[in-house]
Every structure is written in C-alpha cells, then in structure tokens.
Amino acid sequence: MLSAYQKFFTGRPTTAIARDLLGKLVRYQGPDGVTAGYIVECEAYLGENDSVSHAFNGRRTSYSESLYGQPGNIYLYQIRAHYCFDIVVQDAEEPQGVLLRGMEPAQGQELMAKHRKLTGFNISNGPAKLVHALGIHSRQLDGQPMEGNRLSVDLNQFKIPREITAGPRVGVNLAGKDGKKPWRFYVAGNPYVSGLRKREMDLEKHGWRD
C-alpha cells in the first residue's frame, strides 16, 4: 500500500512528475546542518525503452538496483568523482526516474558556500553541484525512501514557476533514438538553471510567479 507521499511519484507519466517537481523544496539534514533549495531543473528518464536510461533494454546491475525500487526512493549514483541525485518514480520494478539538475538555495546558504567553496549561481546549477552544495559526499542514502528521510523533497513547500521550458537532456548520447527527446524541464529565466546565458536570466523574480 503506497502512502500519499509515494503516490505523487507514480500513476502518471514520468514527464508530468518531473514538471511537477519544479518549485518543490529539496532538503538535506546533514552532519553539519540543514541545507535546502527549490528545484529549478530536472530531467525525466523513462526506463527500459529510453535509450539514455541506466535501465535501457532491461539493463540491471547491483549499481542501478535502487532504480527498481518503490516510488519516491532515492537513487544516488556516481559519475567519476561526482554524485547525482535521481528520484525513483513509477511502481516497483518499473525503473524510471527524475534527475535533479538545478536548485535555487533557500536554507543553509552559508553551509552550501562552505561545501562548494564558492558563491553565486554556479553553486548549484548542475546535478553534481546540487548534490555537493547540499553536503552529500557518498551513496550512503542510495535505495532509501525519501519520506521521513534526512534527504527528501517537501511536496508541501514550494514556489510556482511562471513558465516551464522543455528541451533535450544534457550530457547524453544525442545519436540514440531518445537522445534529443525534450525531457529536460526547467523554470524559465531562473539563474540557477545549468547553462543558462545571462541574457536569459530573470534576475528580479527568478522565474517564479508573484
């Protein structure tokens, strides 16, 4: 029996879940304090039929096993020396996920600056930057449910985007059948979106509704 929290992460297309995560607050209770920020950019990965998914063609390894878990679970994976935070969506054994790519700091900004050793928009405008800014440095939470966890997304605390932009995902094989699918979503104009040019930034309202 799924909880009300888990139901947010299943029962509708993964692309819709990804869009609805924009503006929600991601929070981490770390050993040195609380860090949190509003999600401004994410990508949907549609599992076994998605050519850039970790589960494409039914690929399943001990490393990606968490992706087959319950909706709302944490999938923390590593690329070289960097960690990325993916949220498991859809029912168990249906390995789809949403990668968090950008976050606007909302709490613990001084801690984030300490973790990243910098300030400004580059502090969390990318998937590895986001995880590093929160203060996560391992896969310890991989496979755990977010509900009640020290790493979670608060579905009740959020901002509303004025406009959502969709485009191709970043850093994937564009030659694959799904490489150019518009499954990356972001808050238009938010300066914490990865790769956003300065002239595209809304430096007054950061792309949020009043």
Side-chain angles (χ1 to χ4, degrees), residues 8-27 36-47 49-54 56 71-72 75 77 79 82 84-90 96-106 109 112 116 119-134 153-210:
F8 176 91
F9 299 99
T10 189
R12 56 204 171 112
T14 296
T15 50
I17 297 170
R19 291 176 66 96
D20 280 356
L21 278 168
L22 294 176
K24 301 298 191 293
L25 191 77
V26 56
R27 179 186 292 112
Y38 294 102
I39 300 166
V40 301
E41 180 184 7
C42 57
E43 293 176 339
Y45 288 85
L46 275 59
N49 294 316
D50 182 348
S51 65
V52 301
S53 166
H54 289 183
F56 181 50
Y75 175 37
Y77 64 90
I79 299 179
H82 306 292
C84 296
F85 176 22
D86 195 295
I87 299 170
V88 178
V89 301
Q90 306 308 343
Q96 301 193 33
V98 175
L99 171 68
L100 302 192
R101 278 198 60 88
M103 169 188 75
E104 179 178 324
Q109 288 91 331
M112 292 187 190
R116 293 276 290 129
T119 58
F121 302 135
N122 285 328
I123 200 167
S124 53
N125 63 344
K129 296 176 184 179
L130 181 157
V131 173
H132 193 186
L134 287 173
V153 171
D154 187 341
L155 301 178
N156 298 312
Q157 189 169 345
F158 56 86
K159 290 177 177 282
I160 300 175
R162 188 173 63 247
E163 180 184 350
I164 294 173
T165 299
R169 292 167 292 185
V170 178
V172 302
N173 180 9
L174 297 177
K177 72 177 182 67
D178 301 306
K180 297 180 181 179
K181 293 286 177 65
W183 293 341
R184 168 183 172 239
F185 306 96
Y186 63 89
V187 178
N190 191 283
Y192 291 91
V193 170
S194 63
L196 203 66
R197 290 169 290 193
K198 191 169 183 179
R199 67 175 181 269
E200 299 172 313
M201 295 179 181
D202 172 8
L203 297 176
E204 182 182 354
K205 296 183 178 179
H206 290 190
W208 303 117
R209 285 188 188 175
D210 293 334

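- Separation of atoms CZ (Arg12) and CD (Gln90) is listed at 9.0 Å; rounding is to 0.5 Å.
- Annotation: side chain of Val26 is in contact with side chain of Phe85 (closest heavy-atom distance under 4.5 Å).
- The minimum heavy-atom distance between Leu203 and Pro191, with the atom names listed, is CD2-CB, 4.3 Å.
- Rounded to the nearest 0.5 angstrom, Arg19 CZ and Ile164 CD1 are separated by 4.5 Å.
- At most 12 non-hydrogen atoms from other residues, nucleotides or ligands lie less than 6.0 angstrom from NZ of Lys180.
- Taking CG from Asp178 and CG from Asn49, the interatomic distance works out to 8.0 Å, rounded to the nearest 0.5 Å.
- Pairing each heavy atom of Met112 with each of Ala36, the nearest pair is CE-O, 3.2 Å.
- Val172 has its side chain within reach of Tyr45: a pair of non-hydrogen atoms, C-beta onward, lies under 4.5 Å apart.
- Under the 3.5 Å distance criterion, with hydrogens and angles disregarded, no donor-acceptor pair is assigned to the side chains of Tyr38 and His206.
- The residues Arg162 and Asp202 are annotated as salt-bridged, a charged nitrogen and a carboxylate oxygen being separated by less than 4.0 angstrom.
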Check against side-chain contact (heavy atoms from CB on, under 4.5 Å), Leu196 and Phe121: CA-CA 10 Å; Leu196 203 66; Phe121 302 135; over 6 Å; no

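- Across all non-hydrogen atoms, the minimal contact from Ala133 to Ile123 is CB-O, 3.6 Å.
- The only option from Leu22, Asp20, Leu99 that meets the side-chain contact (heavy atoms from CB on, under 4.5 Å) definition with Cys42 turns out to be Leu22.
- A donor-acceptor pair under 3.5 Å is formed between the side chain of Arg116 and the backbone N or O of Asn122.
- Here Phe185 contributes atom CZ and Ile17 contributes atom CD1; the two are 11.0 Å apart, rounded to the nearest 0.5 Å.
- The distance from the CD atom of Glu41 to the CG atom of Asn190 is 9.5 Å, given to the nearest 0.5 Å.
- Leu21 is listed as a side-chain neighbour of Phe9, based on a closest heavy-atom distance under 4.5 Å.
- Minimum heavy-atom separation, Ile79 to Cys84: CD1-SG, 4.3 Å.
- Taking all atoms of both residues into account, the shortest heavy-atom contact from Thr165 to Ala188 is OG1-CB, 3.5 Å.
- In this structure, the side chains of Val170 and Glu43 come closer than 4.5 Å at one or more pairs of heavy atoms.
- Met103 places none of its side-chain heavy atoms less than 4.5 Å from the side chain of Ile39.
- The closest side-chain heavy-atom distance from Lys159 to Val40 is not below 4.5 Å.
- The two atoms that bring Pro168 and Gly179 nearest to each other are CB-O, 4.4 Å, heavy atoms only.
- In this structure, the separation between CG on Asp50 and CZ on Arg169 is 4.0 Å, given to the nearest 0.5 Å.
- In this structure, Tyr192 and Lys129 have side chains that are not in contact, with every pair of non-hydrogen atoms separated by 4.5 Å or more.
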